[in-house]
Amino acid sequence: MIELPDDELDKLFRKSSEELDPTYEPDDWNDLRKRLDQQDGKTPAGWWRKWWPAGLLALLIPIGMVVYSWEGENGGKGEGWKEKAGIVGESGVVGNEGTEDGGSESGVVEDGGVKAAENAGVEGKSGVVRESGVAKESGHSSEGSGKSGGEAVKTAAIVDKEKPTVDNANELGAKRNKVAVSSKKDIDSKLKTSEKDAGKSSSKSELAAAGNGRKPLPRSQSKAGGVFLEPNRSKVEGGDGALSFKNNAKAAGGETSLPQSAGRQDVNAAPKASTEMQPESFTKADESGRALISAPALDSKALKWNVLQLPGVSEPVYELAEPPAPPKQSSLSGDDRPLMAVRFGYSPDLSTVGLKDFSKPGTSVSLLVEYSFLPRFYLQSGAVWSRKDYSASAEAYQLPKHKYYPPLALSGIDGVCKVLEIPLNVRYDIALGERSRWFATGGFSSYHMNAEKYKYYYIDPNDPSAEKWPGWNGKTGWYWLSHANVSAGYEYRISRKLSLLAEPSIRMPLKRVGYGKVNLITTGLWLSVRYTPVFK
Amino acid sequence: MPEYNSAVLQELLDGCLQKNRRSQELLYKQFYGYAMSICLRYTRSREEAKEILNDGFLKVFTKLESFDASRPFKTWLSRIMINTALDHYRQEVRRDVFDDVEVAEQVSVDETVISKLSHEELIGLIQRLTPAYRLVFSLSVIDGYTHEEIAEQLNISVGASKSNLSRAREKLRDMLSKINIDDYDRVAR
């Protein structure tokens, strides 16, 4: 046992402390790393605070595209509907809506026999076909207009002049009614279509009544196109469009004009004729007590007739006028001006310090969103990812000074940087054409220097510092509103929603950026695709 | 881990300046043992030492720009660790200060026992001291602070610093003397 003096005791513990080598615990570093991440903002909350503009943009772009494309579909459907109605309206076979005559809703095809004859005699002009697709026939009129005009005239003349011809008409009417009954279903189905087009129609009941009382006609047994056609129905509805008001009217009055001769020229006249003749024919039709074709129901309904071309007809038949094609929208109206657009672009990146000593071109890719806040004006923003290669003399750089860094004798520095750029620009369409336009853009950009690599070139190649400090790698973060953007370009629309753009641009430095604090100038030529959802 | 040469160390420091996480981790690993040995003798447990260690390195990484490259990094690091330990002491530990010092009797210890003790065990003895004794002993004996500096750091008188050091030594001798060779042999087997 010894007495341990103070100095020996101190020496003992001093030596132990110096030679102690605690085992490394990785968990200790993990705890410290979490604290460092928290301090540097690399936690989820820190990332959100740092990147929320980009995140918000990435969220709004797809949402906006979905919403606007959905609205565009709904608007398109409405437009299509309107166009369809227009087509129907322009087909020349349109029935006015409403049934103003009280007893005219029967829509019954007249029977044959005396009534048919009478009707034929009186209602030669009563052959009215509703736009709704109900075939309304008089005794002879449908036949007359369905077949040849000559036959119709002959029949009409006979009926007018001689009662015995009523028998013939009766037979025709009977046959017609049979066909009407058999093809009632077809009429019903087409009636629904035409009703929809016309908006209102009470022809179904009329058709039913017509089908019940109408006699089949020879014409209806014809097999044009392999389908039993209902006479007096417009060609649009699948009928043969035989009936002609004008012709029947003329026939009733002893005129010898042919239905076919009316042709297109009389298309517009036919409605007038039909309108004029309707009241008389309706009256007589009512008086006959027979089930009538929808002539009563057609009261106050102006119909437009086009004479149809029928096979085997000696007289020339004019086809229905084709509905005019909807007007092409060569340019959008003010109401249809799209408000938003998305652009995806590529550009070679030519970056320099001082517009000289251009290095090899880098690459830039952009995803931009444009919003029109005024006619011809767009607010533009998004994200641009670029790799910038540049080279400059050492004087162009302002390297940070380190206490343990001796000043480096550099002649030049090569830099390679990956940059995320957030532009905020205003675009103005200078000249608008039907499919193209010229535009100019101006604004500002903020740079985020993601990865910077510098290679140092020393004045003296044998400088010992060259081995110790060959360069620098790292990142320096955000530089807000560091550059001003100017560009002008040309856009050509290749479809309703897509267009191609060519846009030379330049970015001028407002601040020095990067580890080397350089005034970085970037030029390029943007080649972009622009998507414009059409909506109202 | 072998100590890096100066160029590598400066590259690490450069990376730490740019908040490069990898550089920070490498620097932490390189000086972990040195820094932890400092923290162990100023705390009562490994957990407490780790807390002070990480606090110290956090200061290193955030105040690296103030480091004078003309001086050894180790010296700067040890100063930071010690100051962090003192800050910890001031915040959490009640000071036991004795103005009047009783001169203790000299205690005899077994030299053989001492030679068998590991460094960890000896440092463990320091950890068993009361906070005031531990700090004064470490600052004065191991880190070379003068009593005036210790008095200023701990906000005590010079006499109190000296007395705490004396009592710390007595305690350590007492602990060493209680470790007899029989107990050691039993543990060793």
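Note on naming: letters A, B, ... go to the chains in the order of the sequence lines (proteins, then strands), and numbering restarts at 1 for each one.
Residue Lys517(A) places its NZ atom among more than 12 non-hydrogen atoms of other residues, nucleotides or ligands, all under 6.0 Å distant. Other residues, nucleotides and ligands contribute at most 12 non-hydrogen atoms within 6.0 Å of the NZ atom of Lys418(A). Residue Lys511(A) places its NZ atom among more than 12 non-hydrogen atoms of other residues, nucleotides or ligands, all under 6.0 Å distant.
Between Leu32(A) and Gln24(B), the closest side-chain pair of non-hydrogen atoms is not below 4.5 Å. Looking only at side-chain heavy atoms (C-beta outward), Asp55(B) and Arg35(A) come within less than 4.5 Å of each other.
Proximity to chain A (any heavy atom under 4.5 Å) is restricted, for Leu125(B), to the side chain, taken from C-beta onward. Neither the backbone nor the side chain of Ser140(B) comes within contact range of chain A; no heavy atom of the residue lies under 4.5 Å from a heavy atom of that chain. Looking at Leu40(B), the atoms closer than 4.5 Å to chain A (heavy atoms on both sides) all sit in the side chain, from C-beta outward. For Tyr34(B), no part sits under 4.5 Å from any heavy atom of chain A, backbone or side chain. Residue contact with chain A, scored on non-hydrogen atoms closer than 4.5 Å, is absent for Asp143(B). When heavy atoms are compared at a cutoff of 4.5 Å, Arg169(B) approaches chain A by way of both its backbone and its side chain. Both the backbone and the side chain of Glu25(A) come within contact range of chain B, with heavy atoms under 4.5 Å apart.
Of all heavy-atom pairs between Gly33(B) and Pro22(A), the closest is O-CD, 3.4 Å. Minimum interatomic distance between Leu12(A) and Leu176(B) (heavy atoms only, all atoms of both residues): CD2-CD1, 4.2 Å. The minimum heavy-atom distance between Arg46(B) and Thr23(A), with the atom names listed, is NH2-O, 3.0 Å.
When each of Pro26(A), Gly474(A), Ser16(A) is checked for heavy-atom pairs under 4.5 Å with chain B, Ser16(A) comes out on top. Between chain A and the options Thr62(B), Leu58(B), Ile38(B), Leu53(B), heavy-atom pairs under 4.5 Å are most frequent for Leu58(B). Between chain A and the residues Arg41(B), Lys50(B), Glu120(B), the most heavy-atom pairs under 4.5 angstrom are made by Lys50(B).
Between Asp37(A) and Arg21(B), at least one side-chain N (NZ, or NE/NH1/NH2) sits under 4.0 Å from a carboxylate O, which counts as a salt bridge.
Annotation: the span from Ser37(B) atom OG to Glu19(A) atom CD amounts to 11.5 Å, rounded to 0.5 Å. Between the CZ atom of Phe13(A) and the CD1 atom of Ile126(B) there is a distance of 5.5 Å, given to the nearest 0.5 Å. Taking CE of Met36(B) as the reference point, atom CG of Asp21(A) lies at 11.0 Å (rounded to 0.5 Å). Atom CG of Asn473(A) is separated from atom CG of Asn20(B) by 9.0 Å, given to the nearest 0.5 angstrom. If you take CG on Asp31(A) and CZ on Phe57(B), they are separated by 14.0 Å, rounding to the nearest 0.5 Å.
Ring geometry for Tyr28(B) versus Trp29(A): interplanar angle of 30 to 60°, hence tilted.
Of the possible polar contacts, none joining the Asp28(A) side chain to the Asn54(B) backbone as a donor-acceptor pair under 3.5 Å is found.
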